[in-house]
Amino acid sequence: MKKILITRRLLKSCEVKAEKNFDSIFNSNDELYSQKKLVELSSGCDGILSSLTDKLDSDTINKLPETVKIISNFAVGFGNIDLDTAKKRGITVTNTPDVLTDATAEIGVLLILGACRRASEGIESARAGGWKWSADYLIGKQLTGTRLGILGMGRIGQKIAKVAKSLGMIIHYHNRSKLSSDKENGAVYHDNLKDLLTQSDVLSICCPASKETVDMINKETIEYLPQGAIVTNVARGDIVDDEALIDALNRRKVYAIGLDVYKNEPNLNPGYLNHKSAFILPHLGSATKETRTAMANLAIDNIDEFFKTGNCKNKVN
Ligand code: NAP
């Protein structure tokens, strides 16, 4: 039986499955392991089932024992793992695509709605009670007829586009490559970021964090947005330069923001906390029972497939 280090707690039914399939080392207190502890615990292991809270950088991967042959990440994103170093060490890295698309797109749509319709201020006022209704009380931006720019029209981006279209939004997108017309489903393609941003009354960031996308939304690119645009991010915090976005919010270049992900999360930039027009969530994208179960089961199946066949369809390096 293969020995697997499972770095964070999984839902109970998934831990039962892992126990059946592997000689599993569980993290019963769900503590966040230091890189040193993670390396120590992986001694004698054949694989690691990691989560996005594990920073598997080059140094950490180089210290892993020779026995480790697979890192199965419990996420579709893999910005927490140095893929090149893993490849050099002969370690396969896998992810959990598809099964979290719907849940994450739901949060992506919630961010758009929450930011456009001033949900943070509304919740605060409702909790305080005694608000005074008037014709212009907490007036927000209507989605119907508004242009939605999707940066990264992949699985999650396309699902957000579908829902947003049903709400009457007009969809624009930018990827490095143009989609087939059935996947575009009427969306307008822009082959560069600047053109997308100039058409984005609302921006939804849905691309992966990578060397290319780090700080893609920055002081310069924010200026391409229309005055009073709304910026939402359901992908990864690394794509946004926080200071630039907070500055744009301060001077009302950006009307409101909706964020699920942050640089250095859970320690988000305090500049976001002071803003009434910041609709912020604590990285809830895939957080439904169905999705977290499907993700963990897929992460386990990826390890099984790898040891049975020497390969895995969800290999990313
Ligand atoms: P996906 O299907 O791979 O889609 C990614 C899209 O981004 C693709 O259309 C890709 O198109 C585009 N892209 C990649 N690099 C780009 C670049 N440099 N410039 C412009 N576009 C680029 O991935 P997904 O399943 O939709 O997931 C997207 C991301 O969502 C994940 O990487 C993850 O970080 C994040 N996520 C967040 C949560 C959460 O809890 N908030 C949950 C799940 C996922 P091209 O290759 O043609 O450029």
Side-chain angles (χ1 to χ4, degrees), residues 8 50-54 73-81 83 93-112 114 149-164 171-180 182-185 187 189-197 200 203-218 221 224 231-240 257-263 265-266 268 279-292 294-296 298-299 313-317:
R8 299 296 306 268
S50 58
S51 98
L52 56 85
T53 54
D54 300 309
N73 211 35
F74 177 60
V76 68
F78 36 79
N80 57 312
I81 303 173
L83 295 186
V93 179
T94 61
N95 71 343
T96 61
D98 299 313
V99 293
L100 42 57
T101 299
D102 290 350
T104 309
E106 286 172 9
I107 291 290
V109 173
L110 179 61
L111 296 176
I112 295 169
I150 297 191
L151 170 55
M153 183 88 138
R155 291 169 287 240
I156 295 167
Q158 285 169 41
K159 183 71 197 257
I160 292 174
K162 195 173 172 191
V163 179
I171 316 298
H172 293 250
Y173 77 99
H174 167 59
N175 275 353
R176 290 164 302 181
S177 34
K178 191 176 184 306
L179 296 172
S180 58
D182 61 319
K183 285 189 173 168
E184 273 184 346
N185 192 20
Y189 177 62
H190 300 275
D191 66 5
N192 65 84
L193 180 66
K194 182 179 179 182
D195 285 357
L196 174 76
L197 295 181
S200 300
L203 177 69
S204 175
I205 302 169
C206 303
C207 63
S210 67
K211 282 174 193 140
E212 269 179 60
T213 63
V214 165
D215 287 338
M216 208 171 199
I217 301 304
N218 57 39
T221 54
Y224 302 140
V231 175
T232 68
N233 186 4
V234 74
R236 284 290 181 267
D238 284 335
I239 301 159
V240 173
I257 56 171
L259 306 176
D260 187 45
V261 287
Y262 310 87
K263 275 199 173 78
E265 57 184 56
L268 55 163
F279 178 73
I280 54 176
L281 297 175
H283 203 144
L284 295 183
S286 62
T288 66
K289 187 176 174 193
E290 297 86 340
T291 294
R292 288 282 163 80
M295 287 167 68
L298 183 54
K313 63 181 174 307
N314 295 320
K315 181 175 173 172
V316 293
N317 68 336

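We count ligands from 1, going down the list as the structure has it; atoms in each ligand are counted the same way. Positions are given from 1 along the sequence. Values below: every heavy atom of this structure, side chains too, minus hydrogens, waters and symmetry copies. Treat the numbers as computed from the prediction; the structure is a model and nothing was measured.
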J.: Of the non-hydrogen atoms in Gly149 and Ser200, which two are nearest, and what is the gap between them?
T.: CA-OG, 3.3 Å

J.: Any N or O of Thr213 that comes nearer than 3.5 Å to an N or O of ligand 1?
T.: no

J.: What protein heavy atom is closest to atom 4 (O) of ligand 1, reported as residue, atom name and distance in Å?
T.: Gly154 CA, 3.2 Å

J.: Taking the side chain as C-beta and beyond, is there a heavy-atom pair between Ile217 and Asn233 under 4.5 Å?
T.: no

J.: Who pairs with Asn80 by side-chain hydrogen bond (donor to acceptor under 3.5 Å, both in side chains), at least two apart in sequence or on another chain?
T.: Asn73

J.: With heavy atoms of Arg236 as the reference, note each atom of ligand 1 found under 4.0 Å away.
T.: 33 (C), 34 (O), 35 (C), 36 (N), 37 (C), 38 (C)

J.: If you have a sec, work out which protein heavy atom is nearest atom 5 (C) of ligand 1 and how many Å separate them, to one decimal?
T.: Pro208 CD, 3.7 Å

J.: Considering only the protein, which heavy-atom contact is closest to atom 39 (C) of ligand 1, and what is its distance?
T.: His283 NE2, 3.4 Å

J.: Nearest non-hydrogen contact with atom 30 (O) of ligand 1 belongs to which option: Leu151, Ile156, Asn233, Ile205?
T.: Ile156

J.: Less than 4.0 angstrom from a charged side-chain N to a carboxylate O is my criterion; do Asp102 and Lys159 meet it?
T.: yes

J.: Hey, are the side chains of Val240 and Leu259 touching, using non-hydrogen atoms and a 4.5 Å cut-off?
T.: no

J.: Do Thr101 side-chain atoms and Ile156 backbone N/O form a donor-acceptor pair below 3.5 Å?
T.: no

J.: Have Asn218 and Thr221 got a donor and an acceptor in their side chains that come within less than 3.5 Å?
T.: yes

J.: Under 4.0 Å, counting heavy atoms only: does Ser286 come that close to any atom of ligand 1?
T.: yes

J.: Looking at every non-hydrogen atom in both residues, tell me the closest pair between Val234 and Val261 and how far apart they are.
T.: C-CG2, 4.1 Å

J.: Using a plain distance cutoff, I'd like to know if Thr104 has any nitrogen or oxygen under 3.5 Å from a nitrogen or oxygen of ligand 1.
T.: no

J.: Heavy-atom distances under 4.0 Å are what count here, so tell me which part of Arg155 touches ligand 1: side chain, backbone, both or neither.
T.: both

J.: Please state which protein non-hydrogen atom is closest to atom 44 (C) of ligand 1 and give its distance, to 0.1 Å?
T.: Val76 CG1, 3.2 Å

J.: Could you name the option among Met295, Arg176, Met216 that has the heavy atom nearest to atom 46 (O) of ligand 1?
T.: Arg176

J.: Would Cys206 count as a contact of ligand 1 if the rule is a heavy atom under 4.0 Å away?
T.: yes

J.: What protein heavy atom is closest to atom 18 (N) of ligand 1, reported as residue, atom name and distance in Å?
T.: Glu212 OE1, 2.9 Å

J.: Contact between ligand 1 and Ala235 is defined here as a heavy atom of the residue under 4.0 Å from a ligand atom; is it met?
T.: yes

J.: Hey, does Thr101 come in under 3.5 Å of ligand 1, counting only N/O atoms on both sides?
T.: no

J.: Based purely on interatomic distance, does Val234 place a nitrogen or oxygen under 3.5 Å from a nitrogen or oxygen of ligand 1?
T.: yes

J.: With the side chain counted from C-beta on, respond yes when Val76 and Arg155 share a heavy-atom pair under 4.5 Å apart, and no when they do not.
T.: yes

J.: Looking at non-hydrogen atoms alone, which of Asn175, Val316, Leu196 comes nearest to atom 12 (C) of ligand 1?
T.: Asn175

J.: Go through ligand 1 atom by atom and flag the ones less than 4.0 Å from a non-hydrogen atom of Val261.
T.: 41 (N)

J.: Answer with yes or no whether the side chains of Gln158 and Tyr173 bring together a donor and an acceptor at under 3.5 Å.
T.: no

J.: Starting from atom 47 (O) of ligand 1, locate the nearest protein heavy atom and write down its residue, its atom name and how far away it is, to 0.1 Å.
T.: Ser177 OG, 2.7 Å

J.: Is any side-chain heavy atom of Arg236 closer than 4.5 Å to one of Thr213?
T.: no

J.: Check this for me - ligand 1, Cys207, N or O atoms closer than 3.5 angstrom, yes or no?
T.: no

J.: Side-chain contact, heavy-atom cut-off 4.5 Å: Asp260 with Leu284?
T.: yes

